[in-house]
Amino acid sequence: MRHFLNTFDWTREELQTMVDEGRRLKESPYGDALEGKTVALLFLNNSLRTRTSFDVGARQLGGHAVVLSPSGGMWPLEFEEGAVMLDDAEEHVKEAAKVLSRYCDLIGIRAFPKFETWEEDRKDTILHAFATHADVPVINMETITHPCQELAHVMALQERLGTLDGKRYLLTWSYHPKPLNTAVANSALMIAAKFGMNVTLLCPTEEFLLDDRYMNIATRDAGAHGGSVSVTHDIEAGYDGADIVYAKSWGALPFFGRWEEEKPIRDKHQDFIVDSHKMAMTNDAVVSHCLPMRRNVIMTDEVFDGPGCIAYDEAENRLHVQKAIMTTLIDQ
Ligand code: CP
């Protein structure tokens, strides 16, 4: 039984098949592929798009979604193996995963980092605990990566640009007043490399580099698919000739748990905003963001509301590709 935890567990061909099926479902949204099936959606963090698109997608294919969250009355869970459960948790993930598997056919998990120590967060403990103990396939709905967003992103790019091999892809850090999850940045880096693009990671300083695990996977996959991965801290060099600009903010990994030390560094780089001046340096690039996004902080209204922005298409495609992911996992 395969889970959908990360795109690096799946070949490019398998991922393209899911994207193609997503495109078919975009044309013909309703069917019975999930007739009588139930997906449990466990949200330990907020969501607008993921929650709605999975719920609507399951229903459009004849299935049913159950949304669970701590604020919705779920028992607090323990995830540590061998824990002596004297703190707040009332139930261990082992029981939760096994019991949900008796009721449901798929389990989706959203569990962001705790932002205290990256060494701990990078283990992705909650996702892997569910994958280990569940008897049904588990879907990553964003933990320290966001593979569903990756497929929606690829689908939107292919809709606008056709083949992606050889395109110049800029993943740019952008300012945000708070330190955010690196998940979407990790994912964007990996999927752009896997689809054969020449990827540039633009970030203010080396403290904002992504985890070596994802840098290494991206470099390996770019090599295997005719692309490349490079890093720059120079805004002009990053934007020059880009075909695609993907914006995201994230917290600097060396400062996990010491965010008061990171803030003065990030506050110096508000000039990383995606604006029309920077976009003018590109090859008439398309631009996107995973959303939610702070307007005129991450990206200006002019760019976001302009004809080159495909963020709404990408958000819509979450619905279509996730239906393809769910049917792929159910059919195995
Ligand atoms: N992009 C994304 O996952 O959106 P939500 O956080 O609203 O689900």
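Numbering of ligands and ligand atoms starts at 1, following listing order. Each residue takes its place number in the sequence, starting with 1.
Within the 4.0 Å heavy-atom shell around ligand 1 one finds Arg318. Proximity of His146 to ligand 1 is established by a heavy-atom distance of less than 4.0 Å.
Ionic pairing of Arg59 and Asp55 is present here: one or more N-O contacts between side-chain nitrogen and carboxylate oxygen are shorter than 4.0 angstrom. Using a 4.0 Å cut-off between a side-chain N of Lys or Arg and a carboxylate O of Asp or Glu, Asp313 and Lys26 do not qualify as a salt bridge. Under 4.0 Å is where a charged nitrogen must lie from a carboxylate oxygen, and between Asp275 and Lys278 at least one such pair does. At a threshold of 4.0 Å, the pair Lys263-Glu260 does not count as salt-bridged, since none of the basic side-chain nitrogens sits closer than that to a carboxylate oxygen. Salt-bridge formation is detected for the pair Lys94/Glu81: a Lys NZ or Arg NE/NH1/NH2 atom is positioned less than 4.0 Å from an Asp or Glu carboxylate oxygen.
With ligand atoms numbered from 1 in the order given, ligand 1 contributes 1 (N), 2 (C), 3 (O) to contacts under 4.0 Å with heavy atoms of Gln149. Listed by number with element, the atoms of ligand 1 under 4.0 angstrom from any heavy atom of Cys290 are 1 (N). Heavy-atom contacts of Leu48 reach the following atoms of ligand 1: 5 (P), 7 (O), 8 (O) (cutoff under 4.0 Å).
Contacts between Leu291 and ligand 1 below 4.0 angstrom, taking non-hydrogen atoms only, involve the backbone exclusively. Residue contacts with ligand 1 for Arg110 involve side-chain atoms from C-beta outward but no N, CA, C or O (heavy atoms, distance under 4.0 Å).
The main-chain N or O of Glu236 is found under 3.5 Å from a side-chain atom of Asp234 such that the two form a donor-acceptor pair.
Of the protein's heavy atoms, Arg49 NE, 2.8 Å lies nearest to atom 4 (O) of ligand 1.
Considering backbone and side-chain atoms together, Asn46 places no N or O closer than 3.5 Å to any N or O of ligand 1. Looking at Arg51 next to ligand 1, no N or O pair under 3.5 Å apart turns up.
A continuous path of hydrophobic side-chain contacts links Leu161 to Val321 [ILVMFWY only; heavy atoms under 4.5 Å].
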